[in-house]
Amino acid sequence: MLEHDVIIIGGGLAGSRAALEVARKAPHLNIALVAKTHPIRSHSVAAQGGIAASLKNVDPADDWRAHAFDTVKGSDYLADQDAVEILTQEAPEVIIDLEHMGVLFSRLPDGRIAQRAFGGHSHNRTCYAADKTGHAILHELVNNLRRYGVRIYDEWYVMRLILEEEQAKGIVMYHVHDGHLEVVRAKAVMFATGGYGRAFNTTSNDFASTGDGLAMAALAGIPLQDMEFVQFHPTGLYPVGVLISEAVRGEGAYLINSQGDRFMANYAPSRMELAPRDITSRAITLEIRAGRGIHPDGRVGGPFIYLDLRHLGREKIMSRIPFCWEEAHRLVGIDAAEHPMPVRPTVHYSMGGIPTNVEGQVIISSALAGNFQFDPSDPISPQDNLVDGLFAAGEAACVSVHGANRLGSNSLLECVVYGRRTGAAIAQFVQGRKLPEVNEQSYLQEARNQIQALLGRSGGLRIQQVRQDFQDVMTSHCGVFRTEAIMQSGLDKIHQLQEQYQQIYLDDRGTLWNTEIIEALELRSLMIVGQMILTSALNRRESRGAHSREDFSQRDDPNFLKHTLAYYSPAGIDLSYRPVKITCFQPQERKY
Ligand SMILES: Cc1cc2nc3c(=O)[nH]c(=O)nc-3n(C[C@H](O)[C@H](O)[C@H](O)COP(=O)(O)OP(=O)(O)OC[C@H]3O[C@@H](n4cnc5c(N)ncnc54)[C@H](O)[C@@H]3O)c2cc1C
């Protein structure tokens, strides 16, 4: 059995930043990081537009309070405000720290870090490295892990969290190269496994964003919080769905419909193209529904609208957003300096996840959980029960700084601020603790049985086929707009697909680089996550942030200003609710 003081699952921004902080705070600890990809191929590397912080380099009137207010308003008042205060107060110092590590941010003419406009932010506060910000940050972080001697297990797939009596004791992992299984015991376990965009058929996310960490936590009895809030990014390139960064609109691009109108004037007149993502995605969907979309052959009434950069000029496009130009050129053959880009909303980000406190420790239940009513004159604070030795940060976690809708450039920030805090909390937590007792053989045997069961199946269904059907169900039954009937029928179809999963057939029965086994395990994760999303969404009978119900079109604070906690069991999903932490901003109507 392998042993480490600390085991971190996920090599993206959150996991890498946490590992670095443990190593800085407690250099004597034996720290390991596991990733099913190579760490620098984590989805964080694809982040484009930037990372928010009120550095005041461009806009001296900015400060952390303005950033906090924008974030809470953007969240449709569902964010926990204590967590938002920490996020926005610590933002400037984490950026300076990244710069000291060597991250190459884009500059102002006087040499200070440049900052651009972003949706929902009232000041120009998004720091960036052209439109390759994630790449610039992740490479430096991973370099630093090597410098600090963090042990990296790359291309190991973590299959299971070992959790006994509400204490995390380790993990079980599978080596993608040769099928070797290992149990790892540790004093602290951290999940930084990213999002689940692959649950949908059109997404900006990479192939590895399959919600494994969420599914493993759920299978171990940990609730998932606010899973109904799925972010649709307004500008996915049609038809592929890959992201065209919000930085493009931050630099001044327009959204236009088939009539050539800048239609955002009808939906968010004060913010136009820089309204928050939930509002912009709904506006695009409504324009397309109203027949003001465009067809690939130029006819009106089609499935996309245009993102128009032409007025920016080639020079600005090539210096500020060269990667977005290149994507459109490479994938759909468009020169964006000459022609508008075809775009429509694409699944992008998970606001929900594994609930944690502001030190990154995982919450298993709340003493005040239940079906309470929100009272603005007497808001209650959550009293949470924590899991011993289990931590989470980044997109897999829900601390919750994004509430019902995340603002662009706040996610990289969350990964770095909460990655750092969680790393510091872990370094503190493991002091003086012993390695837990783990029955290695029984966990190995269970994992072997699980793999054998997959290899031994004689059904007639291909993984790809079941996955495609599942992604189609999620896309058509849990989209930008939702209703009870549509979601209920989606949930019924997922139950049928879960039965079909028992009949999938693997062509490859070997152990060397058997990527079909990984795909089968990932599909299981996706289906668990999909069921959690739909069940949570069905029970939130209001519209808030990214969760927009045609049958309950208003926000309903008395009944739903609370976090959903969804508990998985094979028999079905149990829901409970947890209070939202309100410190300085009372809920108001959200208008832009
Ligand atoms: C195209 C794109 C552009 C974006 N641009 C921006 C932006 O400009 N600004 C911004 O703030 N946000 C942006 N975001 C969002 C942001 O990039 C992500 O939310 C953030 O990077 C997530 O980081 P993470 O560390 O939580 O997870 P990830 O970077 O997704 O890393 C997850 C890690 O977990 C590992 N893992 C997962 N499952 C397993 C398993 N079973 N076993 C072992 N390892 C596992 C993976 O291998 C990987 O190393 C963007 C997102 C996308 C998709």
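Indexing begins at 1, ligand by ligand and atom by atom, following the structure's order.
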Q: Does any N or O atom in Leu13 lie less than 3.5 angstrom from one in ligand 1, N or O only?
A: yes

Q: Please lay out, stage by stage, how Glu414 and Asn410 fare under the test side chain to side chain donor-acceptor pair (under 3.5 Å).
A: CA-CA 6 Å; Glu414 178 196 8; Asn410 265 353; over 6 Å; no

Q: When you measure from atom 38 (N) of ligand 1 to each heavy atom in Asp212, Leu412, Leu413, Val416, which option holds the nearest one?
A: Asp212

Q: Taking distance alone, with no angle check, do Val158 and ligand 1 share an N/O pair under 3.5 Å?
A: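 Yes, at least one N or O pair falls under 3.5 Å.
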
Q: Quick check: does Glu395 get an N/O under 3.5 Å from an N/O on ligand 1?
A: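 Yes, Glu395 has an N/O under 3.5 Å of an N/O on ligand 1.
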
Q: Side chain, backbone, both or neither: which applies to Tyr349 and ligand 1 if a contact is any heavy-atom pair less than 4.0 Å apart?
A: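 Side chain only; the backbone of Tyr349 stays clear of ligand 1.
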
Q: Counting heavy atoms only, name the option from His402, Lys36, Arg17 that's nearest to atom 45 (C) of ligand 1.
A: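 The residue whose heavy atom sits nearest atom 45 (C) of ligand 1 is Lys36.
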
Q: Would you call the rings of Phe118 and His121 parallel, tilted or perpendicular, where under 30° means parallel and over 60° means perpendicular?
A: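 Aromatic pair Phe118/His121 classed perpendicular.
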
Q: Check Lys36 with Glu155, please: is the shortest side-chain N to carboxylate O separation under 4.0 Å?
A: no

Q: Looking at CZ of Arg344 and CG of Leu307, how far apart are the two atoms once the value is rounded to the nearest 0.5 Å?
A: 15.0 Å

Q: Has ligand 1 got any nitrogen or oxygen that is less than 3.5 angstrom from a nitrogen or oxygen of Ser209?
A: no

Q: For atom 9 (N) of ligand 1, tell me which residue out of Gly50, Ser525, Ser411, Gly11 has the closest non-hydrogen atom.
A: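 The residue whose heavy atom sits nearest atom 9 (N) of ligand 1 is Gly50.
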
Q: Among protein heavy atoms, which sits nearest to atom 14 (N) of ligand 1, and what does the distance come to when rounded to 0.1 Å?
A: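 Answer for atom 14 (N) of ligand 1: Arg406 NH2, 3.9 Å.
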
Q: Side chain or backbone, does Gly49 bring an N or O within less than 3.5 Å of an N or O on ligand 1?
A: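 It does: an N or O of Gly49 is found under 3.5 Å from an N or O of ligand 1.
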
Q: Geometry only, no angles: is Tyr157 polar-contacting ligand 1 at N/O separations under 3.5 Å?
A: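 Looking only at distances, the answer is no, because the N/O contact criterion of under 3.5 Å is not met.
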
Q: Using heavy atoms and a threshold below 4.0 Å, how should the contact between Asn410 and ligand 1 be classified: side chain, backbone, both, or neither?
A: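 Asn410 to ligand 1: backbone contact only, side chain stays beyond 4.0 Å.
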
Q: Which residues pass the salt bridge (Lys or Arg N to Asp or Glu O under 4.0 Å) test with Arg406, not counting sequence neighbours?
A: none

Q: What part of His348, side chain from CB on, backbone N/CA/C/O, both or neither, has a heavy atom under 4.0 Å from ligand 1?
A: side chain

Q: Kindly state whether the ring of His348 and the ring of His233 have centres lying under 6.0 angstrom apart.
A: yes

Q: Is there at least one pair of N or O atoms, one from Ala14 and one from ligand 1, spaced under 3.5 Å apart?
A: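 Indeed, backbone or side chain, Ala14 has an N or O that close.
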
Q: Is Ala192 near ligand 1, meaning one of its heavy atoms is under 4.0 Å from it?
A: yes

Q: Please say which of Glu359, Glu21, Glu93 ends up in a salt bridge (charged side-chain N to carboxylate O under 4.0 Å, His left out) with Arg421.
A: Glu359

Q: When the aromatic ring centroids of His402 and Tyr349 are compared, is their separation below 6.0 Å?
A: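 Yes; Tyr349 has its ring centre under 6.0 Å from that of His402.
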
